[in-house]
Chemist: 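Submitted below is the structure of interest, expressed as structure tokens.
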Amino acid sequence: MAIAVFDSGIGGLSVLSQARRRLPKKDYVYYADTKNVPYGVKSKEEVLGYVNEAAEFLLGLGNIEALVLACNTATSVAAASLRIKYDIPILGMEPAVKPAVTADKVHRILVTATPLTLKEEKMQALLAKWDNEHLSDLLPLPKLVEFAEKGDFQSPAVEKYLQDELSNFTLANYSAIVLGCTHFNFFRHTLRRLLPANVHIIDGSQGTVRHLASLVDESEEKGKVSFYNSKVLVSEAEELARYQKLLAILEDNMRIE
Ligand code: DGL
């Protein structure tokens, strides 16, 4: 049996890399919806359709024991209905507002995500539950998804975009930036350069992986990973090498806090 890790594109590789570190012997199927990325600037209905189609395909493979929605956007629009439809564990991602707010109850936190994640009810519910003091500010960063999908993680264009977006906030008043989109993990190095030392970089992947580890047991598998680009099994050496390179870039970025 394998664990399916799903995202609109390459962002979910950040969750795959953390999951493999914690459960190295498990087999994984990574599914990037390369045909339909980006999700975060589309309508809820469209994204729901894409996620349902991908979930149906993955569950149809017949060897999936848990599905990880390694995408905050997909989780906010589709997790609840998928949990009703399927009886395997469906794990999701949510912006790490809880750890950010509870670690420091005085300073502000900057919650970044896709536009769709930020405007969904799930986001409002998360803030209502954990941020009674109204310490969070929301910042959509949709262009980071475009940059990431082009493999551009630290060019001057990336830096300028982030600098412009961050210039609207007095960063000395913030204790953390929450990366509420898995694609944003590719930009930890760049963000660290731009943010003052008082601002910690937090994402939700560790919580999701901890939850996953409590649900599955690491048994007899071989630690094999297969990749699908929107239902097509990746077999070309060049594309497999691209995935390995992206995982290495992430390994390096995930150490930056
Ligand atoms: N990686 C996804 C997330 O965590 C969304 C990126 C997209 O807009 O497709 O929200």
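A quick note: this is a predicted structure, and the numbers were derived from the prediction, not measured. Both ligands and their constituent atoms are indexed starting at 1 by order of listing. Position 1 is the first residue of the sequence, and the numbers go up from there.
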Chemist: Between His183, Glu94, Lys42, which one has a non-hydrogen atom sitting closest to atom 6 (C) of ligand 1?
Modeler: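 Checking each option, the heavy atom nearest atom 6 (C) of ligand 1 is found in His183.
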Chemist: Considering the heavy atoms of Tyr39, write down every atom of ligand 1 situated less than 4.0 Å from one of them.
Modeler: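 Checking each atom against Tyr39, I get 7 (C), 8 (O), 9 (O).
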Chemist: Which residue supplies the protein heavy atom nearest to atom 8 (O) of ligand 1, what is that atom called, and how far is it?
Modeler: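 Nearest protein contact, heavy atoms only, for atom 8 (O) of ligand 1 is Gly40 N, 2.7 Å.
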Chemist: Salt bridge check, Glu65 against Lys26: does any charged N sit closer than 4.0 Å to a carboxylate O?
Modeler: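 Judged by the 4.0 Å cut-off on N to carboxylate O distance, Lys26 and Glu65 do form a salt bridge.
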Chemist: Relative to the heavy atoms of Cys181, which atoms of ligand 1 are at a distance of less than 4.0 Å?
Modeler: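 That gives atoms 1 (N), 2 (C), 3 (C), 4 (O), 5 (C), 6 (C), 10 (O) of ligand 1.
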Chemist: If you measure from each non-hydrogen atom of Cys71 to ligand 1, which part falls under 4.0 Å: side chain, backbone, both or neither?
Modeler: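 Both backbone and side chain of Cys71 come within 4.0 Å of ligand 1.
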Chemist: Any non-hydrogen atom of Gly11 lying under 4.0 Å from ligand 1?
Modeler: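 No, Gly11 has no heavy atoms under 4.0 Å from ligand 1.
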Chemist: Under 4.0 Å from a heavy atom of Asp7: which atoms of ligand 1 are those, numbered in the order shown and with their elements?
Modeler: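 So the atoms of ligand 1 that pass are 1 (N), 2 (C).
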Chemist: Between Phe147 and Phe153, is the ring centroid distance below 6.0 Å?
Modeler: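 Judged by ring-centre distance (under 6.0 Å), Phe147 and Phe153 do not meet the cut-off.
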Chemist: Could you tell me whether Arg21 and Glu251 make a salt bridge, using a distance below 4.0 angstrom between a side-chain N and a carboxylate O?
Modeler: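 Here Arg21 pairs with Glu251 in a salt bridge, since their nearest N and O are under 4.0 Å apart.
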Chemist: Can you find a heavy atom in the side chain of Leu191 that is under 4.5 Å from one in the side chain of Phe184?
Modeler: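 They are not in contact (no side-chain heavy atoms under 4.5 Å apart), so the answer is no.
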Chemist: Determine whether the side chain, the backbone, both or neither of Val145 has a heavy atom under 4.0 Å from any heavy atom of ligand 1.
Modeler: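 Under 4.0 Å from ligand 1, Val145 contributes side-chain atoms alone.
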Chemist: Between Lys44 and Glu121, does a salt bridge (charged side-chain N to carboxylate O under 4.0 Å, His left out) hold up when you go through it step by step?
Modeler: CA-CA 11 Å; Lys44 180 179 178 164; Glu121 292 138 48; 3.8 Å; yes
Chemist: Would you mind checking which non-hydrogen protein atom is closest to atom 5 (C) of ligand 1, with the distance to 0.1 Å?
Modeler: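 I find the closest protein heavy atom is Thr73 OG1, 3.5 Å.
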Chemist: If you look at every heavy atom in Arg108 and Asp137, which pair is closest and at what distance?
Modeler: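 What the structure gives for the nearest pair is NE-OD2, 2.8 Å.
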Chemist: Which of the atoms in ligand 1, numbered in the order shown and given with their element, are less than 4.0 Å from a heavy-atom of Asn72?
Modeler: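 Matching atoms, with element in brackets: 3 (C), 4 (O), 10 (O).
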Chemist: Taking all non-hydrogen atoms of both residues, which atom of Leu195 and which atom of Ile177 are closest, and how far apart?
Modeler: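 Heavy-atom minimum between the residues: CD1-CG2, 3.7 Å.
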Chemist: Under 4.0 Å, heavy atoms only, figure out whether ligand 1 is touched by the backbone of Thr114, its side chain, both or neither.
Modeler: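 Under 4.0 Å from ligand 1, Thr114 contributes side-chain atoms alone.
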Chemist: Less than 6.0 Å separating the ring centroids of Phe6 and Tyr30?
Modeler: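 Ring centres of Tyr30 and Phe6 not closer than 6.0 Å.
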Chemist: Could you list which atoms of ligand 1 come closer than 4.0 Å to a heavy atom of Ser8?
Modeler: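 In order of numbering, the contacting atoms are 5 (C), 6 (C), 7 (C), 9 (O).
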Chemist: With heavy atoms under 4.0 Å as the rule, classify the contact between Val41 and ligand 1 as side chain, backbone, both or neither.
Modeler: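 Neither; no heavy atom under 4.0 Å.
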Chemist: In a check of side chain to side chain donor-acceptor pair (under 3.5 Å) between Asn185 and each of Ser205, Ser14, Ser17, which one passes?
Modeler: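 Answer to the side chain to side chain donor-acceptor pair (under 3.5 Å) test with Asn185 among Ser205, Ser14, Ser17: Ser14.
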